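Each remark here refers to the structure printed beneath this line.
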Amino acid sequence: MPYTLTESSQDLMPFTSGNGPEGDNRWTLNFGPQHPATHTTLRLVLELDGERILRCTPHIGFLHSGFEKLGEHLNYNQYVTIVDRMDYSAPIYNELAWHGAAERLMGIELTPRCKVLRTIAGELGRLQSHLLCVGAAGLDLGAFTAFLYGFNEREKIYDIVEFMTGQRFHTSWTRVGGLNMDLPDEAVFKRMVHKFIDDTLPRAMQDVETLLNKNRIFVDRTKGVGTVSREDAIAWGLSGPMARSAGVARDIRKDEPYLCFADNWDGQGTKAVDFKVPIMTTGDVYARYLVRLEEMKQSIHIIRQLIDNIPGGPVNVSPEGKETLPPKDQVYSSIEGLIHHFELIMTNRGFEAPKGEVYYPIESANGELGYYVVSAGENVPWRVRTRPPCYINYSIFPKLIEGHMISDVVAVLGSINVIAAELDR
Amino acid sequence: MIEFFQEHPWIIIALVAHGAVLGTVAYLILLERKTASWVQDRIGPNRVGPWGLLQPIADGLKFILKEDYRPASADKVLFSLAPCLMIIVIIISIAVLPWGGEHQVTRTIDVTGQTDARLAAISHVPSVGVMVGEPKIEQIAATTDAGEVMAPARTLATVTYRYPFQIAKLNIGVLFILGVLSLAIYGVVLGGWASNNKFSFLGALRATAQMVSYEIPLGLSVLCIVIMFGTLDLGEIVEKQVSYWGHVIPAWNVFTQPITFLMFLICIHAEANRAPFDLAECEQELVGGYHTEYSSMRFALFFLAEYAGMITTSAVCVALFFGGWHIPWLDKIWPALSGGVDPTNPSITTSLTVCLIRTFAFFTKTVAIIFIFMWVRWSLPRFRFDQLMMLAWRALIPMSLAMLMVTTLVVYYFGTEGNRAYMRVGGKMAVALMIGNVAVLAGTMFISKLLPAPPETNRRVRVIGSRFNRTSVAAG
């Protein structure tokens with residue numbers, strides 16, 4: 001029997017003229033994939049009535065790079081260089097999530113110093129991503145200046161990250177059971193971070209806020225645009241600022257705490273770091289913008305609590321565990337260290353993960369970023385699955401934009417902060 | 001040769017003015033980029049020449065050397081015609097700008113042997129000039145040392161005339177500028193349509209609606225000034241502002257008509273298609289708007305036209321509201337700056353230097369207004385299309401109509417009292433106008449509270465047949 005279209009599958013078909021009550025005067029506009037405002041390579045097929053959008057069909061996959069498949073061929077430490085490339089607005093998050101998942105699979109408990117450093121790096125990543133998104137909120141509406149104010153500060157984050165990890169952007173910093181390297185100089189690091197969170201960043205945020213928050217044009221363009229209701233946010237599985245701006249009080253850092261967000265994280269009864277989760281109920285573009293601004297302030301608050309109390313000790317779990325590389329002096333001076341080093345480095349060696357499957361989510365800047373790892377007991381995962389916040393958040397976009405105007409496309413798209421590399425993987 | 005230019009001074013003025021304006025355009029682009037960098041904590045162009053001063057030349061070279069691409073499906077003729085139309089219109093509109101008042105010249109001409117000495121003398125007055133008084137004709141008999149008259153005697157005519165220090169002095173100058181500038185819309189529409197590109201087409205449609213809408217409040221706010229002075233001649237409007245209230249405040253219209261000035265400023269932003277009104281070419285939505293498909297020199301012409309248009313509209317703004325070439329307070333020290341020839345007309349001067357200084361002052365003021373354009377562009381987000389229309393039709397047009405009414409009433413009641421001959425707006429009238437402006441502003445704010453709320457433009461329109469509310473379709 002030939003395949004016939006049902007009524008519901010017809011919805012997925014591209015629009016043809018004459019279909020529907022107002023069908024004849026619709027106009028199709030290809031928005032992207034090469035377009036200044038689609039940030040990367042998103043393609044939207046808009047059906048227009050004048051400037052009004054009657055239907056929006058997103059086409060994804062222009063940046064598909066087979067990241068998940070690569071995970072089946074690279075070992076647990078190598079794959080970090082790939083996950084880095086997913087959400088490039090804040091690469092460090094992907095590393096935290098990926099190695100968090102690997103460590104949960106292997107049952108490794110990190111050292112307190114490593115947890116603090118990872119938490120600080122994570123919050124810096126959140127600032128990095130939110131600076132981009134808040135700035136882009138202005139850029140997409142034509143206020144280029146706010147965008148550059150945000151980008152100036154991102155440069156300073158890059159400087160800190162470079163000092164911390166040796167790389168400005170795709171850091172590949174984490175390793176199973178610890179970090180690639182400890183801080184080169186703790187005092188300098190503290191000074192850099194303090195200067196950033198106490199001086200330059202608050203000033204830049206003040207600039208952006210005075211430029212946009214009460215700007216009549218900006219508020220008129222964003223209030224009531226792309227509204228997500230609380231029910232929709234839950235039903236579509238939104239997370240991060242998208243959900244929180246719609247009144248869903250969910251933050252993985254509070255609900256499923258990890259690293260320094262859990263009580264007793266250092267094994268000595270230290271309380272979890274203190275911060276608040278900003279919630280708004282209107283769910284429009286303006287709410288998302290404000291939620292992001294407030295989250296940045298909370299991130300500064302978190303970093304401020306941790307930066308002066310970085311515990312001493314090693315960053316890697318004990319080298320007796322097979323996963324982490326031994327310190328270099330051991331490699332150069334003892335035969336055990338040298339053998340251990342080669343055992344990990346050589347291509348057909350390495351460590352094996354236990355059989356099992358595990359899901360580990362963290363609260364990335366855009367929402368819940370999780371890795372689902374299935375291990376067959378080999379040195380490479382059997383299957384790696386990413387739960388990208390952008391993909392899920394972007395799925396509601398056609399619904400948000402329907403009935404709005406062309407100009408609102410960029411405003412809503414910017415407020416979702418879609419990172420196509422993460423969306424298409 | 002010199003004789004020829006003395007009799008046709010407008011040729012030199014036209015050459016210099018157009019050269020200066022088009023040269024300034026190149027440097028305005030540099031100024032724009034520098035302004036952007038000041039606003040945005042950057043350094044800005046500084047590679048080509050000292051402080052990036054040669055950047056415009058590099059930009060120009062780049063424009064010329066780029067591939068001149070035309071899409072295969074574009075309309076060949078109109079595609080090339082559109083940018084030309086844009087730039088021609090802008091160049092024409094420069095003609096009526098009053099750069100430096102009027103220059104009075106006294107020349108002595110040898111008219112020996114002419115049958116009618118008077119007519120011969122008059123024939124030397126430039127076509128754009130006006131003769132002052134009758135030419136003085138005297139016979140000079142050349143004599144020998146012994147006192148004998150040598151024949152033939154020479155006839156010399158001394159003729160005094162004034163010519164306006166501008167390309168063309170039109171008595172309908174304001175109308176001319178409004179009319180010519182509104183032709184610029186054809187460049188945008190044709191360019192957008194001929195590109196055969198959906199983004200261009202949308203940009204062109206937006207530009208049409210926008211320019212047509214904003215022309216109304218623009219015209220109405222200019223009309224306020226025209227009513228005050230009773231003339232459409234830009235030069236005359238400037239001339240009547242060259243004075244002081246209480247010997248301190250320059251009698252500029254910006255002080256008597258601040259609301260009108262603000263409305264005019266908003267409208268010329270919209271007319272020039274500059275942010276926050278740059279909907280026709282907004283990069284984030286329409287890629288490049290009407291000039292998406294343009295490249296190389298054809299694009300450069302659009303680009304030049306935008307900046308040259310800014311110069312023209314800013315110059316009109318200076319002429320209407322900032323006293324044109326008037327240099328405030330300096331003419332107290334140096335009275336020759338504001339006339340001295342005819343007490344009833346301060347624009348007349350006998351010195352060419354004064355004319356040039358005035359031109360410089362006029363130009364400086366114009367650049368200051370252009371700086372406001374740039375400052376605004378790099379600070380504000382842009383409107384959405386419906387909000388733009390709301391601003392014109394719900395705010396600017398009613399307010400400018402109210403301003404027009406108030407101005408008319410004030411002119412009717414105070415227009416003829418106690419004014420000096422060369423000054424149309426006396427102290428009383430100025431105060432009345434100020435009160436009128438405040439009243440319009442207060443009234444607008446009061447009435448806008450009483451009016452029903454504007455439609456919620458950010459509202460999502462319910463789409464019939466939407467995938468996301470199928471049940472409601474069945475219901476209705």
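All heavy atoms count here, side chains included; hydrogens, waters and symmetry mates do not. Predicted model only: the values in this text are computed from it and were never measured. In what follows, every chain begins at residue 1, and chains take the letters A, B, ... in the order their sequences are listed.
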Taking the six-membered ring for Trp, is the centroid-to-centroid distance between A:Y289 and A:F218 below 6.0 Å?
-> yes
Largest heavy-atom contact set with chain B, pairs under 4.5 Å, which of A:G138, A:A411, A:G142 = A:G142
Name the region of A:D207, side chain, backbone, both or neither, that has any atom closer than 4.5 Å to a heavy atom of chain B.
-> neither
Toward chain B, the part of A:D140 with a non-hydrogen atom under 4.5 Å | both
Can you check side-chain contact (heavy atoms from CB on, under 4.5 Å) on A:E47 and A:I53, steps first, answer last?
-> CA-CA 6 Å; A:E47 281 157 33; A:I53 292 160; over 6 Å; no
Does B:Y307 have B:R274 sitting over its ring (NZ/CZ under 6.0 Å from centre, angle to axis within 45°)?
-> yes
Would you mind checking which part of A:V409 comes under 4.5 Å of any heavy atom in chain B, side chain (CB onward), backbone (N, CA, C, O), both or neither?
-> neither
Carboxylate-amine/guanidinium contact B:D278 B:R377, below 4.0 Å = no
